Amino acid sequence: MSQHLLAPITLRDLTVRNRIWVPPMCQYSVAAGDGVATDYHLMHYGSFARGGAGAVILEATGVVPEGRIAPQDLGLWDDAQREALRPIVDLIHSFGAAAGIQLAHAGRKASTEPEWGTPHPGASLAGADGGWETVAPSAIAYDQLTEPTALDEAGIDEVVEAFVASAVRAVEAGFDLIEIHAAHGYLLHEFLSPLSNQRTDSYGGELAGRARLLLRVVDAVRGAVPVGMPLLVRISATEWVEGGFDLDQATQVVTWLGEHGVDMVDVSSGGNAVLPEGAEIPVGPGYQTPLAAHLREHTEMPVSAVGMLDTPFQAEHVLATGQADVVRVGRAFLREPNWGLDAALALRGDGEIVPPQYRRAFRQALRRG
Ligand SMILES: Cc1cc2nc3c(=O)[nH]c(=O)nc-3n(C[C@H](O)[C@H](O)[C@H](O)COP(=O)(O)O)c2cc1C
């Protein structure tokens with residue numbers, strides 16, 4: 001059987017063992033609020049590598065404290081955070097997977113209460129509870145969240161510097177790839193979108209202005225990490241609303257990202273606009289895959305597809321039909337951390353991916369293979 005999902009892929013100097021990648025998923029599990037990873041993160045991320053993922057990309061990690069979605073997010077603005085990530089990288093490597101990290105600034109969607117254990121999950125965190133002032137391209141609030149302050153030029157420079165400093169720490173911690181978060185309504189996406197970016201300076205206006213900060217971050221990070229290290233960007237290829245950032249604009253931005261040394265774009269959607277009454281995002285199996293396929297077809301950029309690609313055959317189909325180069329599997333991996341092993345065996349891989357300690361549990365499947 002042809003096995004696109006199990007085929008290795010090479011980006012720059014990195015060869016990843018297969019095309020089953022785990023996307024970043026916030027865990028809101030830094031109870032101390034200091035951005036430092038804990039045993040929880042070691043266990044959580046290690047399990048996906050043991051479970052057959054090709055690459056495991058750590059959750060949105062704040063490049064500055066005020067860039068966290070919630071105080072319980074990981075951070076990478078200091079060296080203690082870097083040291084706590086090292087064992088996670090080593091554990092992922094020990095199972096043969098590549099380790100990635102998503103560097104993020106949450107912009108106007110920062111400083112919120114985490115999804116559980118608080119009175120108002122997702123709402124702006126009050127100052128008295130440790131909340132902080134948020135920043136954005138323009139002073140326009142997202143939905144019910146607190147109104148942000150528009151970044152000035154010096155603030156923009158600081159954002160670029162913070163991404164670079166975190167990227168350097170990520171390299172020092174041993175990560176194989178870095179992903180810049182420019183999706184889901186967080187800071188870099190807010191700059192891209194005409195709905196959230198109403199600046200009149202060189203960071204706003206036409207698409208080239210709105211994309212300027214993202215390209216600055218890309219250039220600065222690209223220049224600071226080893227030439228052989230892949231740099232990825234995650235985008236929301238559409239906001240699903242009239243007048244928002246859409247697939248045509250995304251196609252142009254992805255072309256620019258390629259010219260600026262980005263090696264792969266992950267194609268997600270939404271997160272920056274509240275849909276009008278009655279409108280709905282067409283959520284369903286593979287609902288974002290056509291966006292990835294469009295970008296793959298109309299640019300030179302390798303892409304990963306994500307979003308309800310929950311079964312091995314569905315994921316294999318996406319690759320076999322040329323719609324993407326990699327498939328990311330998120331919630332299905334949370335449900336079943338051995339998703340990659342099951343996929344490898346379902347697609348009749350050779351079973352090598354099953355760690356020796358687990359082979360007795362997979363014996364029947366291995367014989368069938
Ligand atoms: C618990 C959870 C946390 C998430 N956190 C992030 C994140 O940190 N960064 C990000 O870009 N996307 C995040 N996402 C989105 C996922 O990366 C992924 O795109 C989404 O879950 C769709 O893929 P799936 O259907 O395979 O789960 C999160 C999703 C979930 C379920």
Side-chain angles (χ1 to χ4, degrees), residues 5 19-30 35 37 40-41 44-45 47-48 51 53-63 67-76 85 100-107 109-110 112 114-117 121-122 166 177-190 192 214 232-240 264-272 281-292 303-312 314-316 318-319 324 326-337 339-340 342-343:
L5 203 56
R19 291 153 191 254
I20 306 166
W21 294 19
V22 177
M25 287 183 281
C26 283
Q27 295 299 295
Y28 306 112
S29 294
V30 183
Y40 173 82
H41 300 91
H44 171 72
Y45 290 113
S47 72
F48 303 138
V56 179
I57 303 178
L58 269 62
E59 66 199 76
T61 298
V63 296
R68 289 170 298 171
I69 300 167
Q72 294 78 5
D73 281 353
L74 288 179
L76 197 39
L85 291 171
I101 187 163
Q102 185 184 54
L103 299 181
H105 190 307
K109 289 174 79 175
T112 60
E115 283 179 20
W116 66 88
S166 294
L177 64 87
I178 289 174
E179 170 164 297
I180 293 169
H181 198 350
H184 302 166
Y186 299 116
L187 187 67
L188 297 175
H189 179 187
E190 290 160 20
L192 287 174
L214 173 59
L232 280 60
V233 172
R234 177 171 244 196
I235 61 163
S236 283
T238 179
E239 294 180 335
W240 305 108
M264 182 178 276
V265 165
D266 180 70
V267 187
S268 190
S269 73
N272 195 45
I281 297 176
V283 174
Y287 73 106
Q288 293 175 146
T289 304
L291 303 170
V303 299
S304 53
V306 67
M308 297 185 76
L309 294 168
D310 286 357
T311 70
Q314 200 186 1
E316 174 69 14
V318 167
L319 300 185
V326 159
V327 167
R328 292 186 177 193
V329 178
R331 286 164 293 180
F333 249 106
L334 293 182
R335 289 192 290 273
E336 174 44 62
W339 195 98
D342 289 336

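For reference, positions follow the sequence shown, starting with 1. First listed ligand is number 1; within each ligand, the first listed atom is number 1. Predicted model only: the values in this text are computed from it and were never measured.
Side-chain contact between His184 and Arg234 is present, with at least one heavy-atom pair separated by less than 4.5 Å. Considering only heavy atoms from C-beta on, Leu188 stays 4.5 Å or farther from His181 through its side chain. A 4.5 Å side-chain heavy-atom check between Ile180 and Leu214 finds at least one atom pair inside the cut-off.
With respect to Arg328, the side chain to side chain contact (heavy atoms under 4.5 Å, CB included) criterion is satisfied by exactly one of Ile57, Val267, Val22: Ile57. With Ile101 as reference, Leu58 is the one residue of Leu58, Leu74, Val56 to meet the side chain to side chain contact (heavy atoms under 4.5 Å, CB included) rule.
When only non-hydrogen protein atoms are considered, atom 1 (C) of ligand 1 lies nearest to Cys26 O, 3.9 Å. In this structure, atom 26 (O) of ligand 1 lies nearest to the protein heavy atom Gly330 N, 2.8 Å. For atom 13 (C) of ligand 1, the closest non-hydrogen atom of the protein is Pro24 O, 3.1 Å. When hydrogens are left out, the protein atom nearest atom 30 (C) of ligand 1 is Met25 CG, 3.9 Å; that is the closest non-hydrogen contact.
Residue Asp310 has no N or O atom closer than 3.5 Å to an N or O atom of ligand 1.
Distances shorter than 4.0 angstrom occur between a heavy atom of Val306 and an atom of ligand 1.
Across the listed options Gln27, Arg328, Glu115, Arg331, Arg331 owns the non-hydrogen atom lying nearest to atom 31 (C) of ligand 1. Considering each of Gly286, Gly307, Gly270, Ala183, the one bringing a non-hydrogen atom nearest atom 22 (C) of ligand 1 is Gly307. With Arg234, Gln102, Met308, His184 as candidates, the residue nearest to atom 19 (O) of ligand 1 on a non-hydrogen basis is Arg234.
Within ligand 1, counting atoms from 1 as listed, the ones closer than 4.0 Å to a heavy atom of Pro23 are 17 (O). When each atom of ligand 1 is checked for a heavy atom of Ala60 under 4.0 Å away, the hits are 8 (O).
Side-chain contact check for Ser29 and His41: no donor-acceptor pair (N or O, by modelled atom type) lies under 3.5 Å.
The aromatic rings of His44 and Phe48 sit perpendicular to each other, their planes meeting at more than 60°, with 30° as the lower class boundary. Ring planes of Tyr28 and Trp116: perpendicular class, angle over 60° (limits at 30 and 60°).
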